[in-house]
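One structure is given here, and the rest of the page talks about it.
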Amino acid sequence: MDTLTQWLVVIGTAVVSLGTIHEADGIKEHSFWLRNEGNDSVRLVQGYTSCGCTTIGFDKNAVVAPGDSTSVVLTFNPQGKGGDFEETGTLVYRVSDKTQRIALSLTGNCITSEETLLRQFPIRINDDLRMSANHYDLGIMHKGETKQRGIVVLHRDEGNRQEYIPVTFSVGKDMETGIHHVSQTLKVRSLKQEVTTTIIYDVLVK
(Lines give C-alpha, C1' and ligand atoms only; values in the text may rest on other atoms or scores of the structure.)
Protein backbone atom coordinates (compact mmCIF):
# COMPACT_ATOMS: atom_id res chain seq x y z
CA MET A 1 0.00 0.00 0.00
CA ASP A 2 1.32 3.45 -0.96
CA THR A 3 0.54 6.14 1.60
CA LEU A 4 0.48 9.37 -0.39
CA THR A 5 -1.37 11.69 2.00
CA GLN A 6 -2.49 11.81 5.60
CA TRP A 7 -6.06 10.75 4.77
CA LEU A 8 -6.63 9.11 1.38
CA VAL A 9 -4.36 6.21 0.46
CA VAL A 10 -4.27 4.05 -2.64
CA ILE A 11 -5.24 0.42 -2.24
CA GLY A 12 -2.52 -1.26 -4.27
CA THR A 13 -0.27 1.04 -6.27
CA ALA A 14 -0.56 4.62 -7.52
CA VAL A 15 1.38 3.87 -10.73
CA VAL A 16 -0.05 1.21 -13.03
CA SER A 17 1.67 -0.08 -16.16
CA LEU A 18 -0.55 -0.85 -19.13
CA GLY A 19 2.36 -2.65 -20.77
CA THR A 20 2.60 -2.53 -24.55
CA ILE A 21 -0.57 -1.27 -26.20
CA HIS A 22 -1.49 -0.48 -29.80
CA GLU A 23 -2.92 2.85 -30.87
CA ALA A 24 -5.42 1.00 -33.06
CA ASP A 25 -6.88 -0.78 -30.01
CA GLY A 26 -8.33 2.48 -28.72
CA ILE A 27 -8.97 3.85 -25.24
CA LYS A 28 -7.60 2.13 -22.14
CA GLU A 29 -8.73 2.73 -18.57
CA HIS A 30 -7.92 1.65 -15.03
CA SER A 31 -9.82 2.01 -11.77
CA PHE A 32 -7.86 3.03 -8.68
CA TRP A 33 -9.41 2.47 -5.27
CA LEU A 34 -8.71 4.96 -2.47
CA ARG A 35 -9.46 4.47 1.20
CA ASN A 36 -9.89 7.16 3.84
CA GLU A 37 -7.62 6.13 6.69
CA GLY A 38 -7.97 9.37 8.61
CA ASN A 39 -10.36 10.30 11.40
CA ASP A 40 -12.28 12.91 9.40
CA SER A 41 -14.47 12.71 6.30
CA VAL A 42 -13.02 14.02 3.06
CA ARG A 43 -14.80 15.62 0.09
CA LEU A 44 -13.67 15.09 -3.50
CA VAL A 45 -13.64 18.47 -5.23
CA GLN A 46 -11.56 18.47 -8.42
CA GLY A 47 -9.48 16.44 -10.83
CA TYR A 48 -6.98 17.33 -13.54
CA THR A 49 -4.57 15.46 -15.81
CA SER A 50 -1.13 15.92 -17.33
CA CYS A 51 -2.38 15.71 -20.93
CA GLY A 52 -5.53 16.07 -22.97
CA CYS A 53 -5.16 12.42 -23.94
CA THR A 54 -6.04 11.45 -20.36
CA THR A 55 -9.20 12.00 -18.35
CA ILE A 56 -9.94 11.45 -14.68
CA GLY A 57 -13.33 10.27 -13.49
CA PHE A 58 -14.65 10.33 -9.92
CA ASP A 59 -17.79 11.15 -7.93
CA LYS A 60 -17.41 14.91 -7.63
CA ASN A 61 -18.38 16.37 -4.27
CA ALA A 62 -18.70 12.87 -2.83
CA VAL A 63 -17.94 12.63 0.87
CA VAL A 64 -15.79 9.68 1.93
CA ALA A 65 -16.19 8.78 5.58
CA PRO A 66 -13.32 7.38 7.67
CA GLY A 67 -12.73 3.75 6.70
CA ASP A 68 -14.76 4.02 3.48
CA SER A 69 -13.39 3.73 -0.07
CA THR A 70 -14.01 5.42 -3.41
CA SER A 71 -12.87 4.75 -6.96
CA VAL A 72 -11.06 7.01 -9.42
CA VAL A 73 -10.86 6.04 -13.10
CA LEU A 74 -8.01 7.17 -15.36
CA THR A 75 -8.71 6.90 -19.09
CA PHE A 76 -5.92 7.09 -21.68
CA ASN A 77 -6.59 7.72 -25.37
CA PRO A 78 -3.53 6.65 -27.42
CA GLN A 79 -4.68 8.30 -30.65
CA GLY A 80 -1.75 10.17 -32.16
CA LYS A 81 0.61 8.84 -29.50
CA GLY A 82 3.66 6.68 -29.88
CA GLY A 83 6.50 5.37 -27.76
CA ASP A 84 6.80 5.39 -23.99
CA PHE A 85 4.21 7.34 -22.03
CA GLU A 86 3.46 8.29 -18.43
CA GLU A 87 0.23 10.20 -17.90
CA THR A 88 -0.95 11.41 -14.50
CA GLY A 89 -4.31 12.29 -13.03
CA THR A 90 -4.47 14.31 -9.83
CA LEU A 91 -7.42 14.17 -7.44
CA VAL A 92 -8.00 17.20 -5.22
CA TYR A 93 -9.96 16.74 -2.00
CA ARG A 94 -10.67 18.68 1.16
CA VAL A 95 -10.64 17.65 4.78
CA SER A 96 -11.74 20.26 7.31
CA ASP A 97 -10.17 23.46 5.97
CA LYS A 98 -7.24 21.79 4.23
CA THR A 99 -6.79 20.93 0.56
CA GLN A 100 -4.87 17.79 -0.36
CA ARG A 101 -3.87 16.14 -3.64
CA ILE A 102 -3.18 12.59 -4.63
CA ALA A 103 -1.53 11.62 -7.94
CA LEU A 104 -2.29 8.50 -9.96
CA SER A 105 -0.43 7.44 -13.12
CA LEU A 106 -0.69 5.18 -16.14
CA THR A 107 2.51 4.13 -17.91
CA GLY A 108 3.36 1.93 -20.87
CA ASN A 109 4.52 1.82 -24.44
CA CYS A 110 2.25 2.68 -27.35
CA ILE A 111 2.82 1.15 -30.77
CA THR A 112 1.79 3.80 -33.26
CA SER A 113 -0.53 3.05 -36.15
CA GLU A 114 0.77 3.34 -39.70
CA GLU A 115 -1.48 6.34 -40.39
CA THR A 116 -0.11 8.26 -37.40
CA LEU A 117 3.49 7.41 -38.29
CA LEU A 118 3.04 8.83 -41.77
CA ARG A 119 1.60 12.05 -40.30
CA GLN A 120 4.41 12.34 -37.76
CA PHE A 121 7.12 11.55 -40.33
CA PRO A 122 5.86 12.94 -43.66
CA ILE A 123 9.29 13.24 -45.32
CA ARG A 124 10.47 10.07 -47.05
CA ILE A 125 14.22 9.57 -47.37
CA ASN A 126 13.99 6.00 -48.67
CA ASP A 127 12.04 2.83 -47.91
CA ASP A 128 13.78 2.47 -44.53
CA LEU A 129 13.99 6.08 -43.33
CA ARG A 130 11.53 8.96 -42.85
CA MET A 131 11.93 12.40 -41.27
CA SER A 132 9.68 14.62 -39.18
CA ALA A 133 10.64 17.69 -41.25
CA ASN A 134 13.25 18.93 -43.70
CA HIS A 135 12.37 22.63 -43.91
CA TYR A 136 12.86 25.02 -40.97
CA ASP A 137 12.04 28.71 -40.48
CA LEU A 138 14.74 30.15 -38.22
CA GLY A 139 13.21 33.62 -38.11
CA ILE A 140 15.47 36.62 -37.55
CA MET A 141 19.16 35.98 -36.87
CA HIS A 142 22.15 38.27 -36.50
CA LYS A 143 25.68 37.77 -37.77
CA GLY A 144 27.59 35.39 -35.54
CA GLU A 145 24.39 33.92 -34.07
CA THR A 146 23.77 30.17 -33.93
CA LYS A 147 20.50 28.26 -33.66
CA GLN A 148 19.83 24.56 -33.20
CA ARG A 149 16.90 22.47 -34.33
CA GLY A 150 16.10 18.83 -33.80
CA ILE A 151 15.22 16.36 -36.55
CA VAL A 152 13.57 13.09 -35.63
CA VAL A 153 14.30 10.22 -37.99
CA LEU A 154 12.13 7.11 -38.14
CA HIS A 155 14.01 3.86 -38.81
CA ARG A 156 11.46 1.57 -40.42
CA ASP A 157 14.05 -1.21 -40.69
CA GLU A 158 14.60 -1.17 -36.89
CA GLY A 159 11.07 -1.64 -35.63
CA ASN A 160 10.21 2.04 -36.16
CA ARG A 161 12.95 3.26 -33.84
CA GLN A 162 13.03 7.05 -33.52
CA GLU A 163 16.38 8.85 -33.57
CA TYR A 164 16.82 12.47 -32.51
CA ILE A 165 19.47 14.32 -34.54
CA PRO A 166 20.40 17.89 -33.52
CA VAL A 167 21.35 20.19 -36.41
CA THR A 168 23.01 23.59 -36.09
CA PHE A 169 23.00 26.66 -38.31
CA SER A 170 25.31 29.64 -37.84
CA VAL A 171 25.21 33.01 -39.57
CA GLY A 172 28.67 33.86 -40.80
CA LYS A 173 30.00 37.37 -40.42
CA ASP A 174 30.34 37.66 -44.20
CA MET A 175 26.71 36.65 -44.85
CA GLU A 176 24.69 39.44 -46.41
CA THR A 177 21.65 40.86 -44.69
CA GLY A 178 18.25 39.86 -46.03
CA ILE A 179 16.28 36.67 -46.58
CA HIS A 180 18.22 33.48 -47.26
CA HIS A 181 17.24 29.93 -48.14
CA VAL A 182 20.16 27.77 -47.06
CA SER A 183 20.52 24.07 -47.73
CA GLN A 184 22.49 21.71 -45.50
CA THR A 185 23.49 18.10 -46.03
CA LEU A 186 22.47 15.58 -43.41
CA LYS A 187 23.87 12.07 -43.15
CA VAL A 188 21.70 9.34 -41.64
CA ARG A 189 22.84 5.75 -41.14
CA SER A 190 20.39 2.89 -41.47
CA LEU A 191 21.07 -0.80 -40.96
CA LYS A 192 21.90 -1.17 -44.63
CA GLN A 193 23.76 2.00 -45.55
CA GLU A 194 24.54 5.64 -44.85
CA VAL A 195 22.13 7.95 -46.64
CA THR A 196 22.59 11.63 -47.48
CA THR A 197 19.60 13.96 -47.55
CA THR A 198 19.07 17.73 -47.60
CA ILE A 199 17.42 20.09 -45.14
CA ILE A 200 16.60 23.74 -45.84
CA TYR A 201 16.64 26.77 -43.52
CA ASP A 202 14.75 30.00 -44.12
CA VAL A 203 16.40 32.86 -42.25
CA LEU A 204 16.26 36.66 -42.20
CA VAL A 205 19.73 38.01 -41.47
CA LYS A 206 19.94 41.44 -39.86
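Everything numeric here is computed off the predicted structure, so don't read it as measured data.
- The two residues Val64 and Asn36 make their nearest non-hydrogen contact at O-ND2, 3.0 Å.
- Remark: Arg124 engages Asp127 in a salt bridge, criterion side-chain N to carboxylate O under 4.0 Å.
- For Ser132 (side chain) and Val152 (main-chain N/O), a donor-acceptor pair under 3.5 Å exists by modelled atom type.
- Phe85 is not connected to Leu117 by any chain of hydrophobic side-chain contacts under 4.5 Å among Ile, Leu, Val, Met, Phe, Trp and Tyr, and they are in different clusters.
- The local environment of CG in Leu191 is crowded, with over 12 non-hydrogen atoms from other residues, nucleotides or ligands closer than 6.0 Å.
- Following chains of ILVMFWY side-chain contacts shorter than 4.5 Å, one can reach Val167 starting from Leu138, so the two form part of one hydrophobic cluster.
- With a 4.5 Å cut-off on side-chain heavy atoms, Val203 and Ile179 do not count as touching.
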Any chance you could lay out the ring-ring contact (aromatic ring centres under 6.0 Å, His included) test for Tyr136 and Phe169, step after step, and finish with the verdict?
-> CA-CA 11 Å; Tyr136 294 89; Phe169 175 77; over 10 Å; no

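- Shortest non-hydrogen contact noted between Ile56 and Gly47 is CG2-C, 3.7 Å.
- A donor-acceptor pair under 3.5 Å is absent between the side-chain atoms of Glu163 and the main chain of Val153, judged by distance alone.
- A donor-acceptor distance shorter than 3.5 angstrom exists from the side chain of Gln120 to the backbone of Gly80, with no hydrogens or angles considered.
- Other residues, nucleotides and ligands contribute at most 12 non-hydrogen atoms within 6.0 Å of the CD atom of Gln79.
- Arg130 contributes no side-chain N or O that, together with a main-chain N or O of Leu154, makes up a donor-acceptor pair within less than 3.5 Å.
- Surrounding CD of Glu194 are more than 12 heavy atoms belonging to other residues, nucleotides or ligands, all under 6.0 Å away.
- Side-chain N or O atoms of Thr13 include none that pairs as donor or acceptor with a backbone N or O of Val16 at under 3.5 Å.
- Under 3.5 Å, the side chains of Thr88 and Ser105 contain a donor-acceptor pair of N or O atoms.
- A distance-only check finds no donor-acceptor pair linking the side chain of Arg119 to the backbone of Pro122 [under 3.5 Å].
- In this structure, Thr49 contributes its side chain and Thr54 its backbone to a donor-acceptor pair below 3.5 Å.
- A salt bridge does not link Glu145 to Lys173: none of the charged nitrogens lies less than 4.0 Å from a carboxylate oxygen.
- Within 6.0 Å of atom CG in Asp137, more than 12 heavy atoms from other residues, nucleotides or ligands are found, so the atom counts as buried in its surroundings.
- For Cys51 against Glu87, the heavy-atom pair with the smallest separation is CB-OE1, 3.2 Å.
- Smallest separation of non-hydrogen atoms from His142 and Val171: O-CB, 3.6 Å.
- Judged by distance alone, the side chain of Asn126 and the main-chain N or O of Leu129 form a donor-acceptor pair under 3.5 Å.
- Contact record, Asp25 with Lys28: CB-NZ, 4.1 Å, taken as the closest heavy-atom pair.
- Atom NZ of Lys143 sits in a crowded spot, with more than 12 heavy atoms from other residues, nucleotides or ligands closer than 6.0 Å.
- The hydrophobic cluster containing Ile111 does not contain Phe76, counting ILVMFWY residues as joined when their side-chain heavy atoms lie under 4.5 angstrom apart, directly or transitively.
- For the residue pair Asp128 and His155, no side-chain donor N or O sits within less than 3.5 Å of a side-chain acceptor on the partner.
- In terms of modelled atom types and a separation under 3.5 Å, the side chain of Ser96 and the main chain of Lys98 share no donor-acceptor contact.
- In this structure, Asn61 and Arg43 approach most closely via the heavy-atom pair OD1-NH1, 3.2 Å.
- Two different hydrophobic clusters hold Phe121 and Ile125 under the rule that ILVMFWY side chains link at heavy-atom gaps under 4.5 Å.
- Hydrophobic clustering of Ile, Leu, Val, Met, Phe, Trp and Tyr side chains at less than 4.5 Å, counting indirect connections, keeps Val45 apart from Val42.
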